[in-house]
Amino acid sequence: MKLEIKKIGINGEGIAYDQKKPVFVPGTFPGEVVEATISEKKAHYAHAKINRILQKAHYRRPSPSPIEEQLGHPFFGIEYEKQLTFKLDLLTEALWKYAKVKRHWVRKINPSENEFSYRNQCKLPIQERQGKLVCGLFSPNSNQFQVVHHFLTHDPEVERIRKELLAILNQHHFPAYSHKTKQGLRYIVIRCIHGISQATLITGKDTLNKCLIDDFKKIPHLHSLHQSWNTSKQSLQFFGERTKLLFGKKHLLIPFSSIYLHVSPEAFFQLNTKQAEALYHYAVSKVDPCHILVEAYCGIGVMSLLASSKAEQVYGIELNPHAIQDAKRNAELNHLDNCHFECADAADGLYKIAKKQKIDTLLIDPPRSGLDEAMLEAILKSQPDRIIYISCNPATLAKNIAVLKWKYQILTIQAFDLFPQTPHVECLCLLSKVQK
Ligand SMILES: C[S@@+](CC[C@H](N)C(=O)[O-])C[C@H]1O[C@@H](n2cnc3c(N)ncnc32)[C@H](O)[C@@H]1O
């Protein structure tokens, strides 16, 4: 059937309409006319597969990485400026749909300096092809593994180390993970920030022999290698319960803005280092001098540490025990003794602090799922004067703002592009308590 693509969907796919019902067509963009076949029909919408583009969008470009384009980076096929326009559209639409926030509140997106090579970390599944280990990704919404030989989005150092690790493993005929034997290589995780790199091999029950480890030690600028054992059947996590250092330093030690940071392999760190710096500086610039600053979902504590000179006391709350250990170490490393970190659920931690003292400013940067009901209730009860909410998911941000609007008004919404070639966007929303 012939379809005219009208708008962009949240997964970066084109949306056409057939008898007023949306038809999602991956690989297409607004303004295009395509010939497509319906692949799945539901009561209120349908999915279609593109056969031929009859009329191309003027902003289309030859994809610099067709394989990544298919695997979660659908914007590879369009000019970067247009990617930013679509991200802004998706953000403003979600804010209007769920929270009735008008478009003029949202500022122009702060673009990424690097359109490619921006990912400081890869977390990739491993499989075997013709007796050799290969890295790849699963197709969106399926368990079909696709081999990827080169990732244009990765930092070149991440790519170099990934290829060298795989080559050595293949020289030693190391197998891919099998659920049957619970042995072999399952995932490879590499992080490289400011040229300092840390890799983790996630395996079954295997013990890596000395010869293999000695060969890994020869990889230039691989500062540490870890092994994590993960034999769980339905693992959504990459890391297993136990992770061991094979060589090098236990934590990555990196300079970041005005501070130094320890980062454990298991801790979260923003993928796009330069843009993370821009985002954090902007967030810190929105903290007014105050007595008590709380950062919930603080990870390794970067924003708490950067904002520490603006508050008498800073409290960070985080669920991941590895990240909170890093945060405590980072406070010590930077001699910031007004920063305190606690491993707790965000809502529980916030209640605990609010019981003892008045919170002036609350910084929050939750996972994609946004704030849960308990956290929304904790915020509305503890009533900080200002909230700086950083989100990587416009839909959950907008739904949460709809609730917070009972007591808060929006002062600014500023988005940052941390993930070029994808429809994802990071967004900071500054809220202030309505005085009654
Ligand atoms: C998007 S990351 C932000 C981390 C940090 N702000 C940064 O920029 O590095 C979200 C963090 O929330 C933590 N987290 C997830 N659920 C949580 C919860 N219920 N309570 C506290 N922290 C949680 C995760 O472990 C992760 O470190």
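Basis for what follows: all heavy atoms, side chains included, without hydrogens, waters or symmetry-related copies. What you see is a predicted model; the values in this text were computed from it and never measured. We count ligands from 1, going down the list as the structure has it; atoms in each ligand are counted the same way.
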Nearest protein heavy-atom contact for [atom]: which residue, which atom, what distance?
| atom | result |
| --- | --- |
| atom 20 (N) of ligand 1 | A346 N, 2.9 Å |
| atom 22 (N) of ligand 1 | L319 N, 3.2 Å |
| atom 15 (C) of ligand 1 | P367 CG, 3.5 Å |
| atom 8 (O) of ligand 1 | Y280 OH, 2.5 Å |
| atom 12 (O) of ligand 1 | Y297 CB, 3.4 Å |
| atom 10 (C) of ligand 1 | D365 O, 3.3 Å |
| atom 27 (O) of ligand 1 | E318 OE1, 2.8 Å |

Should the pair K399 and Y98 be classed as cation-pi, given the thresholds of under 6.0 Å to the six-membered ring centre and 45° from the axis? yes
Consider side-chain contact (heavy atoms from CB on, under 4.5 Å). Of V148, L124, I126, V147, which one does V134 pass it with? V147
Atoms of ligand 1 close to [X] [distance to a heavy atom under 4.0 angstrom, numbered from 1]:
| X | value |
| --- | --- |
| D345 | 18 (C), 19 (N), 20 (N) |
| N320 | 25 (O) |
| E295 | 6 (N) |

Does ligand 1 have a heavy atom under 4.0 Å from the side chain of [X], from its backbone, from both, or from neither?
| X | value |
| --- | --- |
| P366 | backbone |
| M375 | neither |
| A344 | backbone |
| C298 | backbone |

Without hydrogens or angle criteria, can the side chains of E277 and S257 be said to hold a donor-acceptor pair below 3.5 Å?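 Yes, a side-chain donor-acceptor pair sits under 3.5 Å.
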Derivation of the ring-ring contact (aromatic ring centres under 6.0 Å, His included) call for F216 and F247: CA-CA 9 Å; F216 290 141; F247 68 78; 7.5 Å; no
Check against salt bridge (charged side-chain N to carboxylate O under 4.0 Å, His left out), D89 and R103: CA-CA 9 Å; D89 287 348; R103 200 179 171 107; 3.0 Å; yes
For K7 against P30, the heavy-atom pair lying closest together: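 Looking at all heavy atoms of both residues, the closest pair is C-CG, 3.5 Å.
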Please find out if less than 6.0 Å separates the ring center of H262 from that of Y260.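 That pair fails the under 6.0 Å test.
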Are F256 and F269, when compared by the centres of their aromatic rings, separated by less than 6.0 Å? yes
Close side-chain approach of F116 to P156, heavy-atom, < 4.5 Å: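 They are not in side-chain contact.
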